[in-house]
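Notes follow the structure.
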2 protein chains.
Amino acid sequence: MQADQAGILDTQLTAQVVNHIRAKIEDGTLQPGDRIPPEREFAKMLKISRASLRTGIGYLAAMGVMKVRHGVGTFVSDGPPEIGKSSLGLLGALHGFKAWQMFEVRKLIETSLAALAAERGKEEHFTVLAEEVAEMYATIDDPAQYLIHDVRFHRTIAEASGNPILAALMETVSTALYDERRKTAERARDRKNSLEAHREIYRAIRGGHPTEARNAMERHLHSAESELAAEQSARVRKPRRERKAKQTVPA
Amino acid sequence: MQADQAGILDTQLTAQVVNHIRAKIEDGTLQPGDRIPPEREFAKMLKISRASLRTGIGYLAAMGVMKVRHGVGTFVSDGPPEIGKSSLGLLGALHGFKAWQMFEVRKLIETSLAALAAERGKEEHFTVLAEEVAEMYATIDDPAQYLIHDVRFHRTIAEASGNPILAALMETVSTALYDERRKTAERARDRKNSLEAHREIYRAIRGGHPTEARNAMERHLHSAESELAAEQSARVRKPRRERKAKQTVPA
DNA sequence: TGCCCGTGAGAGGTCGGACCACTTGAATCT
DNA sequence: AGATTCAAGTGGTCCGACCTCTCACGGGCA
C-alpha cells in the first residue's frame with residue numbers, strides 16, 4: 001500500500017506528509033470530517049517547515065482527500081468521493097479529448113449504473129427517484145430548476161448502484177461534459193423528451209429490470225447527445241494553434 | 001476562460017495561477033512537453049510571490065497536468081493522460097472502497113475497451129498484441145517478465161480502443177488494484193490459464209468481433225478475480241498489514 | 001431578557017529573501 | 001580525446017513576519 005511507486009510525488013517532504021496522513025487514514029486514526037492540527041503545530045510535529053507541510057496538504061487537497069477552510073482549519077474530506085473531478089476538463093484541453101469520447105464514457109458508465117441500480121436499488125432510492133421525476137414535471141418550464149432535478153435523478157441512480165467508485169467516475173465525466181455545454185440553452189422540447197425518458201428509466205429500475213434500465217438509459221443519453229451535437233454544430237469552433245518548438249513560453 | 005466551476009480551488013492566488021496556465025493550454029500556447037519560465041521569473045511576471053506560484057504549480061502537478069523536475073525545470077505533462085491515478089488508492093482507504101467494487105469497475109471498463117478495440121483497432125495494434133502474446137509464451141516461467149507483457153497487452157487494447165479517456169480510467173483502476181495485490185505471488189497454473197485467455201481475446205479483437213472480444217475479456221477478468229480472491233482468502237489470520245510502526249513518523 | 005455588534009484569538013494565506021540540492025554542460029586537467 | 005571539476009541555473013526548503021478570514025465571547029443597548 002505504500003504506493004508512492006508510480007506516484008512520482010513532488011518531493012521527499014511532500015511524500016512524507018502524504019504518507020503520514022495516508023497512514024492515519026488507513027488505520028482509522030483519521031476519518032472523514034476529522035480535523036488535523038494547526039499548520040504551525042503540525043509542522044513542528046513532523047519536524048518540517050510550514051511551507052513544506054502546506055505543499056503536502058495542497059497535494060492532498062488537490063486529490064480531494066483534504067478540505068482546507070480559511071480561518072477555520074484543515075479537514076479530512078467528508079463528502080462523496082471525487083476522482084479527478086476538477087482535472088478532467090484541463091486534461092481534456094491538454095490531450096485533446098473530444099466531446100464524443102467523453103460522451104462515450106458517460107454512456108458506458110451511466111448505462112451500467114442504471115442496470116446495477118435495477119439490480120441492487122433499495123426502496124429508499126426508488127422513492128427519491130420518483131420524487132425527482134415528479135419535480136421535473138413541476139419544473140418543466142424552469143430550465144434551471146429542471147436541471148437540478150435532472151442531476152439529482154442521475155446522482156440517485158449512481159448511489160443506488162452500490163458502487164461508489166463508478167458513481168464518482170460518473171460525477172467526474174458529467175461535470176466535465178457540463179462545462180462544455182454550460183453555455184447552451186436547453187430547448188423546451190428537449191426537456192419534454194428528457195422527461196419521458198426519465199420516467200422510463202425510473203420504471204425499469206423500480207421494476208428491477210436491469211436490461212430494460214440499461215436500454216432506457218442508453219436511449220436517453222443517445223438523444224441527449226444528438227441534441228447537444230445539434231446545438232454545438234451551430235457554434236463557432238476555435239482551432240488549436242500550431243506550435244513546433246518546445247521551449248520556454250513567454251507569460 | 002470561465003471562472004472555475006464549483007471549483008473549490010484552494011485560494012485566489014492558486015486559482016490565478018491555475019487559470020493562467022489553463023488559458024495557455026486551452027488556446028494552444030502551451031502544449032505537452034513545453035516548459036514554463038523559471039519560478040522566480042514567472043512569479044515576478046504574475047506579480048505574486050514564488051511561494052504562491054509554487055502552490056499553484058503543485059496543484060497542477062497533483063492533477064497530472066504539470067511535471068516538475070528538480071534542477072531542470074517545470075514542464076507541461078507530455079505522457080499519456082492520467083486521471084486520478086495516484087489518488088484512487090487513498091480515496092479508497094478514505095471512503096472504504098471494496099476490492100470487488102474496484103474489480104467491477106475494471107471489468108466494466110476493460111470489457112468495453114476490448115469491444116471497442118475489436119471495432120476500431122488498427123493493424124499496428126494487432127501486431128503489438130500478437131507480439132505481447134508471444135512474449136507471454138516466452139516468459140511463462142518468469143512471473144515478473146510475464147506481468148510486464150500482461151500489462152502491455154491490456155494497455156495496447158486500451159490504446160486500440162480509440163478512447164484515451166477510457167484508457168486513462170483503466171490505468172487508474174488497474175494501478176489501484178495492483179497496489180492491493182502486489183504482494184501476492186501468482187501461481188504458474190494461473191499464468192497458464194491467463195495466457196490462453198489472452199490468446200482468445202487477441203483473436204477476437206483481430207478478427208473484428210466486438211462481442212466475442214467482450215466476452216473473452218469478461219471471462220479472463222472473471223477468472224482473474226476468482227484467483228485473486230482465492231489467494232487472499234487463503235491468507236486468513238493476516239487481515240491488514242500493521243503500519244503502527246510507521247506511526248512514529250520518520251523524521 | 002435578549003438581540004446586535006465589536007473585538008480578539010486562532011487558523012489559514014501571502015510574502016520575500018536566504019540558503020540547500022540537483023542537473024547539466026562548459027571549462028579544465030590528465 | 002577522455003575524464004574530471006566546477007559553476008550557472010532551477011527547483012526544494014526554511015524562517016519569520018504580517019495579512020485575512022471565521023467564529024465565539026461578551027459588553028452595550030433596546
Side-chain angles (χ1 to χ4, degrees), chain A residues 4 7-21 30 33-78 86 245-251, chain B residues 3-4 7-21 30 33-79 86 249-251:
Chain A
D4 323 79
I8 297 148
L9 284 179
D10 306 37
T11 72
Q12 279 191 359
L13 292 194
T14 67
Q16 178 185 335
V17 174
V18 172
N19 282 330
H20 185 85
I21 293 186
L30 272 179
D34 284 354
R35 200 183 106 178
I36 64 174
E39 295 183 348
R40 293 164 178 82
E41 264 180 61
F42 204 6
K44 201 161 290 185
M45 288 183 204
L46 297 182
K47 293 186 169 61
I48 62 178
S49 75
R50 198 180 151 209
S52 298
L53 171 63
R54 280 175 60 73
T55 301
I57 290 178
Y59 189 90
L60 290 165
M63 300 196 315
V65 174
M66 308 277 297
K67 209 82 157 187
V68 183
R69 294 175 57 195
H70 189 177
V72 184
T74 303
F75 306 78
V76 176
S77 180
D78 62 345
S86 59
K246 292 189 174 181
Q247 56 184 15
T248 299
V249 172
Chain B
D4 305 65
I8 297 82
L9 281 181
D10 305 36
T11 71
Q12 279 190 1
L13 291 196
T14 68
Q16 178 184 335
V17 175
V18 171
N19 283 329
H20 185 87
I21 294 187
L30 272 179
D34 284 354
R35 201 186 86 173
I36 64 175
E39 295 183 347
R40 294 165 179 81
E41 261 180 65
F42 205 9
K44 201 161 290 183
M45 288 183 203
L46 297 182
K47 292 187 169 57
I48 60 177
S49 74
R50 200 182 147 207
S52 298
L53 172 64
R54 281 174 60 72
T55 302
I57 290 177
Y59 190 89
L60 289 165
M63 297 196 316
V65 174
M66 308 277 296
K67 207 81 154 187
V68 183
R69 294 174 56 193
H70 190 174
V72 184
T74 302
F75 305 79
V76 176
S77 180
D78 63 345
S86 57
V249 184

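Chain identifiers are assigned alphabetically (A, B, ...) following the order of the sequence lines, protein sequences preceding nucleic acid strands; residue numbering begins at 1 within each chain. Just so you know, these numbers use all the heavy atoms, side chains as well, and skip hydrogens, waters and symmetry mates.
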What string of B, S and - do you get for nucleotides 4-9 of chain C, 5' to 3', if B is base contact, S is sugar-phosphate-only contact and - is no contact with any protein heavy atom under 4.0 Å? ------

Which atom names give the shortest non-hydrogen contact between [X] and [Y], and what distance separates them?
| X | Y | result |
| --- | --- | --- |
| Y59(B) | S86(A) | OH-OG, 3.6 Å |
| L46(B) | Q16(B) | O-NE2, 3.5 Å |
| S52(A) | L13(A) | OG-CD1, 3.6 Å |
| S77(A) | G64(A) | CB-O, 3.3 Å |
| R35(B) | V72(B) | NH1-O, 3.7 Å |

Could you please name the option among [options] that lies closest to any side-chain atom of [X]?
| X | options | result |
| --- | --- | --- |
| V72(A) | dC23(D), dG12(C), dC15(C) | dC23(D) |
| R54(B) | dT24(C), dG13(C), dG12(D) | dG12(D) |
| S52(A) | dC14(D), dG11(D), dG12(C) | dC14(D) |
| S49(B) | dG16(C), dT24(C), dG13(C) | dG16(C) |
| I48(A) | dT13(D), dG13(C), dC14(D) | dC14(D) |
| R69(B) | dT24(C), dT14(C), dA18(C) | dT24(C) |

Is any side-chain heavy atom of E41(A) less than 4.5 Å from a side-chain heavy atom of M45(A)? yes

Close side-chain approach of R50(B) to R54(B), heavy-atom, < 4.5 Å: yes

Less than 3.5 Å between a donor and an acceptor, one on the side chain of R40(B) and one on the base of dG17(C), is that the case here? no

Would you kindly give the [atom1]-to-[atom2] distance between [X] and [N], to the nearest whole Å?
| X | N | atom1 | atom2 | value |
| --- | --- | --- | --- | --- |
| L13(A) | dG12(D) | CG | C1' | 8 Å |
| E39(B) | dG16(C) | CD | P | 15 Å |
| Q16(A) | dG12(D) | CD | P | 16 Å |
| K67(B) | dT10(D) | NZ | C1' | 18 Å |
| F75(B) | dG9(D) | CZ | P | 16 Å |
| R50(A) | dG12(C) | CZ | P | 7 Å |
| I57(B) | dT10(D) | CD1 | C1' | 11 Å |
| K47(A) | dT13(D) | NZ | P | 18 Å |

Base, sugar-phosphate, or nothing: which does T74(B) touch, judged by heavy atoms less than 4.0 Å apart? sugar-phosphate

Which sits closer to the 5' end of DNA chain D, L53(A) or H70(A), going by the nucleotide each is nearest to? L53(A)

Any side-chain N or O of [X] less than 4.0 Å from the OP1 or OP2 oxygen of [N]?
| X | N | answer |
| --- | --- | --- |
| R35(A) | dA11(C) | yes |
| T55(A) | dT13(D) | no |
| T11(B) | dT14(C) | yes |

What pairs with T74(B) under side-chain contact (heavy atoms from CB on, under 4.5 Å), at least two apart in sequence or on another chain? I36(B), I57(B), M66(B), V68(B)

